[in-house]
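The next block holds one structure in the form of structure tokens; read it before the comments.
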Number of protein chains: 2
Amino acid sequence: MAAISLPDTIGAMTAAERLVSPCGRCDARRLSVCQGVDDRCLDQLAAAITTIRLQAHATLASEGDEASHFFNITSGAVKLFKLLPDGRQQIVGFLFPGDFVGLAVRDTYAYTVETIAPATACRFDRRQFERLLERFPNMAFRLRERASDELAIAQEQMLSLGRKSAKERVASFLLQLSRRAVRLGLPGNPVTLPMTRADIADYLGLTIETVSRTITRLKTSRIITLGPDHTVTLHRERLEEIGEGWGGDI
Amino acid sequence: MAAISLPDTIGAMTAAERLVSPCGRCDARRLSVCQGVDDRCLDQLAAAITTIRLQAHATLASEGDEASHFFNITSGAVKLFKLLPDGRQQIVGFLFPGDFVGLAVRDTYAYTVETIAPATACRFDRRQFERLLERFPNMAFRLRERASDELAIAQEQMLSLGRKSAKERVASFLLQLSRRAVRLGLPGNPVTLPMTRADIADYLGLTIETVSRTITRLKTSRIITLGPDHTVTLHRERLEEIGEGWGGDI
DNA sequence: CGCTGGGTTGATCGCACTCAACCCGCGTGG
DNA sequence: CCACGCGGGTTGAGTGCGATCAACCCAGCG
């Protein structure tokens, strides 16, 4: 039962798991998504995986294309977005290391996937992967949990887009980024904003001007502090009050 | 191998399947979610199911409660919504016969579930059901597909809430209802609006006044026709043009 | 150097919100 | 029988938040 090494990771890492695989290469048996999977399966998985390396603003998949592959982000960050005919854009999610692309997909991609920073990802043949899942229900179970998490995030985002003010949207977005950073084993405060104002705006259903003004107002009210390299220090109590809709004035 | 009858349905019915079980009682082996499940399992399923009957505006589950049960709607309609402290409400989904409550749930419900019309549902003990899923991966697979569909709908809704005008939101909402009706084996045109203006508003991130005005404007532009009993006839070409953001003026 | 991408700030505009009045159908009770 | 309240819906007048249009700053880079 020798340890078998997969190209990079097949994801589902917890923060703790990530700590034991600092360089992106890891022993698959340490990954929660692989628990209960035997070595022979891991061999097959390894055969189905290709590691891809991408520059910033590269496209992994396009809305409407046949969903032939399944991805797991191993470094960097990507955005998922939908477009309207006149160019209006809505980002439906940001994905970071450990996240999957294609959980919500049936036969075609419902969104375009683009890197917002240089990234690496593992690519699987979709049908090959589905066959493996049939034989290894543990992995399928973990994927269902991930899909549930995604859905919960999407619903939280619907609340923001439908009912929160610009100030509240920005506040809950910053808190969401902070929680995500903690999950990845990074400091939750200060937090880094890896995306541009335009991407934040397209995620929050606002314009870049409104995002910029709102961040400025949060800054001058000492609710956040802007640091170097796109870092933001959050003063959690007041930020949470605003983000959760308690109406703290600024 | 006698046919085994479950109390009502455990869901995942296609339109065709629904046709063979007109009264809500059905042979579980006809349901896609049960394919490959043997009779002994069906016995256990039957034991884990309770049929519940609900009036309009009854609560099945509340945001924040421990997620002890899993539901499948067998008749009527329910809404899932989230609340902000000051009473603002966002409906994150409407569910109709065949739909599941609790796909997106981990340990607590992320939303409140309330009927918008008299309804019946099947209730499962969550842990018991999860144990069955471990043994019957086919069912787990179908559930993952359902969760994927839900996520795709949620993402489409994010596009509406974040980037569409009131007119576009109402148009795509009507088309969504029409598609859902077809899936349930009902006519897709005219379509029935089972929910109030307030519920539509809380789903679309608008106010009741805006919903009312927008519907009126669609009506006077002959893009929809209002019939009796909350029915609406859709003039699809123009409605799709608007709902998909091509900017047809009204 | 100038150009470009990312970001901030100001002035003005307009869509959807707010507040208000009113209609209708229905059930209830005097 | 009418009076009344109530929930659901429509319509009008006025307001405000965030969009739009525009100017400008700054850093990086060819």
Side-chain angles (χ1 to χ4, degrees), chain A residues 55-57 79 84 86-90 114-117 160-171 173 192-221 224 226-232 242 245 247 249-250, chain B residues 55-57 79 84 86-90 114-117 160-171 173 192-221 224 226-232 242 245 247 249-250:
Chain A
Q55 300 180 319
H57 308 115
K79 59 176 176 180
L84 290 172
D86 61 0
R88 280 174 287 171
Q89 183 171 130
Q90 178 66 38
E114 214 175 275
T115 55
I116 57 177
S160 276
L161 293 171
R163 289 300 180 212
K164 287 186 185 174
S165 68
K167 171 176 72 172
E168 291 165 339
R169 291 184 210 188
V170 171
F173 174 68
T192 303
L193 298 185
M195 65 287 290
T196 64
R197 296 286 185 270
D199 284 336
I200 297 174
D202 281 341
Y203 184 59
L204 298 179
L206 301 169
T207 59
I208 49 178
E209 294 95 329
T210 298
V211 169
S212 179
R213 279 187 245 274
T214 306
I215 289 179
T216 301
R217 241 172 282 153
L218 288 171
K219 183 180 65 182
T220 54
S221 320
I224 61 175
L226 301 189
D229 297 323
H230 303 110
T231 58
V232 185
I242 295 170
D249 273 353
I250 55 177
Chain B
Q55 300 179 319
H57 309 115
K79 59 177 175 179
L84 289 172
D86 61 0
R88 280 173 287 172
Q89 184 173 129
Q90 177 66 40
E114 215 175 274
T115 56
I116 57 177
S160 274
L161 294 171
R163 289 299 180 212
K164 287 187 185 173
S165 69
K167 172 176 70 170
E168 291 165 340
R169 291 184 209 188
V170 170
F173 174 68
T192 303
L193 297 185
M195 67 287 289
T196 64
R197 296 285 185 268
D199 284 335
I200 298 174
D202 282 340
Y203 184 60
L204 298 180
L206 301 169
T207 59
I208 49 178
E209 294 94 331
T210 299
V211 170
S212 180
R213 278 187 245 274
T214 305
I215 289 180
T216 302
R217 240 170 284 154
L218 288 172
K219 183 181 64 184
T220 54
S221 319
I224 62 175
L226 301 190
D229 297 323
H230 303 112
T231 58
V232 185
I242 294 170
D249 274 354
I250 56 176

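In what follows, every heavy atom counts, from backbone to side chain, and hydrogens, waters and symmetry copies are set aside. First the proteins, then the strands, lettered A, B, ... as listed; each starts at 1. Please read these numbers as outputs of a predicted model, since none were measured by experiment.
Between chain B and DNA chain C, the heavy-atom contact criterion of under 4.0 Å yields a 5' to 3' nucleotide range of dA16(C) to dA20(C).
Following rounding to the nearest Å, Ile215(B) (CD1) and dG8(D) (C1') show an atom-to-atom distance of 13 Å. In this entry the distance linking CZ of Arg88(B) with P of dC17(D) reads 13 Å, nearest Å. Protein atom CZ of Arg169(A) is 12 Å distant from nucleotide atom C1' of dA19(D), rounded to whole Å. Whole-Å rounding puts the Lys167(A) NZ to dG16(D) P distance at 16 Å. Between the CG atom of Asp199(B) and the P atom of dG8(D) there is a distance of 9 Å, given to the nearest Å. Separating the CG atom of Asp229(A) from the P atom of dG28(D) is a distance of 11 Å, rounded to the nearest angstrom.
Contact annotation: side chain of Arg197(B) to base of dG7(D), donor-acceptor pair absent below 3.5 Å.
The shortest non-hydrogen separation linking Leu161(A) to Gly205(A) is CD2-N, 3.8 Å. Nearest heavy-atom pair, Lys164(A) versus Glu168(A), reported as atom, atom and distance to 0.1 Å: CA-OE1, 3.3 Å.
Position along DNA chain C of the nearest nucleotide to Arg163(A) versus His230(A) favours His230(A) as the more 5'-ward residue.
Just one of Ile224(A), Leu226(A), Val232(A) meets the side chain to side chain contact (heavy atoms under 4.5 Å, CB included) condition when paired with Leu218(A); it is Ile224(A).
Between Ile200(A) and Met195(A), some side-chain heavy-atom pair lies under the 4.5 Å cut-off. Looking at heavy atoms from C-beta onward, Arg169(B) lies out of side-chain contact with Thr214(B) at the 4.5 angstrom threshold. The shortest distance between side-chain heavy atoms of Arg88(A) and Asp202(A) does not fall below 4.5 Å.
A donor-acceptor pair under 3.5 Å links the side-chain atoms of Thr115(B) to the main chain of Gln55(B), judged by distance alone. Between the side chain of Gln90(B) and the backbone N or O of Tyr203(B) there is at least one donor-acceptor pair closer than 3.5 Å.
By the neighbour-count criterion of 12 heavy atoms within 6.0 Å, atom CG of Asp229(A) is sparsely surrounded, having that number or fewer from other residues, nucleotides or ligands.
For residues 200-210 of chain B, proximity to DNA chain C is found at Gly205(B), Leu206(B), Thr207(B), Glu209(B), Thr210(B), defined as any non-hydrogen atom under 4.0 angstrom from a strand atom.
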